[in-house]
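Counting begins at 1 with the first residue of the sequence. Atoms within a ligand are numbered from 1 in the order they appear, just like the ligands themselves.
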Amino acid sequence: MPTVAELLADASTLPGESARRDAEILLCHCLEKSRTWLYTWPESNVDTAQAERFSSLLASRFEGVPVAYILGRREFWSLNLQVNEHTLIPRPETETLVEWALSLSLPGRAAVLDLGTGSGAIALALASERPDWRLAGVDASEGALQVAIANATEHALSNSRFFLSNWYEGVAGQYFDLLVSNPPYVEGGDSHLSQGDVRFEPVSALVAAEEGLADLRELVSRAPEHLRRGGWLLLEHGFDQGEAVRTLLHQRGFTQIETRLDLAGLERISGGQWHAE
Ligand SMILES: C[S@@+](CC[C@H](N)C(=O)[O-])C[C@H]1O[C@@H](n2cnc3c(N)ncnc32)[C@H](O)[C@@H]1O
């Protein structure tokens with residue numbers, strides 16, 4: 001029977017920048033152990049069934065399938081979320097949007113809408129932190145919605161609801177204290193689309209027309225139809241789209257416009273307030 005150390009050595013040529021870490025995560029999954037356990041017991045023998053399971057997961061990873069899709073899970077904020085090929089894999093930079101949303105001074109029972117919710121990551125992070133807020137998440141993908149609903153159920157976040165909608169179409173006549181969105185914002189043909197994990201993510205979650213700005217434009221232009229006075233709109237965007245999004249917000253009449261940086265120091269989230277009191 002192979003040892004933990006031998007199995008991890010076999011995985012040293014995995015693709016990507018985090019080959020060792022990916023292999024450890026996959027082995028932990030097969031053994032139902034923590035990474036600390038792997039470091040503590042590298043000479044432990046792994047039984048044949050578990051080693052074979054590890055080898056089949058490694059084969060998927062060698063084909064480039066993201067670890068999150070292989071395991072069907074990804075951590076976001078404090079939540080371990082289900083993900084699959086219908087959802088974007090939630091990114092750490094999106095946590096900047098969650099932090100900003102939580103820092104706003106909103107009514108105690110604020111109504112919040114997450115547009116393009118995917119796995120429900122943003123809506124569920126906010127629902128978990130603010131039990132009195134009422135979260136709605138919409139997406140145009142039925143497959144993504146099923147995942148968001150499963151995540152809400154698994155984490156017992158009953159202050160959240162999810163439904164199918166092409167951006168604002170499904171919330172006609174409804175008003176919110178906060179609108180949040182991480183919409184598609186990559187320009188079609190961007191070289192990143194053919195590299196790494198992104199190759200396996202839904203194109204409809206990533207790509208937008210008009211140099212990646214089409215969905216951001218629509219979200220900004222129709223936001224005032226759904227914002228209460230003093231409400232906020234927070235949008236994630238590409239590192240080079242901050243100025244364009246600030247201009248859109250300004251032209252639409254938002255105030256308090258600001259852009260926040262992600263952990264890499266890049267412009268990532270822009271937002272503004274609608275008719276402050
Ligand atoms: C970049 S992903 C963000 C997913 C999730 N909010 C997150 O941060 O992990 C964009 C999401 O917008 C959804 N989407 C794309 N076009 C849409 C539309 N017209 N109406 C509603 N949702 C849409 C996609 O299906 C996808 O789930």
Handout entry: Atom CD of E267: over 12 foreign heavy atoms under 6.0 Å
Key = yes
Problem - Side chain, backbone, both or neither: the part of T117 lying under 4.0 Å from ligand 1 by heavy atom - result: backbone
Practice task
May I ask you to identify, for N166, whether its side chain, its backbone, both or neither come under 4.0 Å of ligand 1 on a heavy-atom basis?
Solution key: both
Write out the residue and atom name of the closest protein heavy atom to [atom], then the distance separating them to 0.1 Å.
{"atom": "atom 1 (C) of ligand 1", "answer": "A205 O, 2.9 Å"}
{"atom": "atom 16 (N) of ligand 1", "answer": "W167 CZ2, 3.6 Å"}
{"atom": "atom 22 (N) of ligand 1", "answer": "A140 N, 3.2 Å"}
{"atom": "atom 8 (O) of ligand 1", "answer": "N182 ND2, 2.9 Å"}

Look only at interatomic distance and state if [X] has a nitrogen or oxygen under 3.5 Å from any nitrogen or oxygen of ligand 1.
{"X": "V138", "answer": "no"}
{"X": "S119", "answer": "no"}
{"X": "D139", "answer": "yes"}

Between [X] and [Y], does at least one N-O distance fall below 4.0 Å, as a salt bridge requires?
{"X": "E154", "Y": "R73", "answer": "yes"}
{"X": "E32", "Y": "R53", "answer": "no"}
{"X": "R61", "Y": "D197", "answer": "yes"}

Exercise for the section: Have a look at N151 and tell me which of L79, L124, V83 forms a side-chain contact (heavy atoms from CB on, under 4.5 Å) with it. Expected result: L124
Problem - Side-chain donor-acceptor pair present, S270, T259, cut-off under 3.5 Å - result: yes
Show me which atoms of ligand 1 lie under 4.0 Å from any heavy atom of [X].
{"X": "P90", "answer": "9 (O)"}
{"X": "S204", "answer": "15 (C), 24 (C)"}
{"X": "S165", "answer": "20 (N), 21 (C)"}
{"X": "G116", "answer": "3 (C), 4 (C), 5 (C), 6 (N), 11 (C), 12 (O), 13 (C), 22 (N)"}

Exercise for the section: Classify the angle between the aromatic ring planes of Y168 and H226 as parallel (below 30°), tilted (30 to 60°) or perpendicular (above 60°). Expected result: parallel
Handout entry: Test of ring centre spacing under 6.0 Å for H237 and Y185
Key = no
Practice task
Examine distances only and state if a side-chain atom of R130 and a backbone atom of L102 form a donor-acceptor pair shorter than 3.5 Å.
Solution key: yes
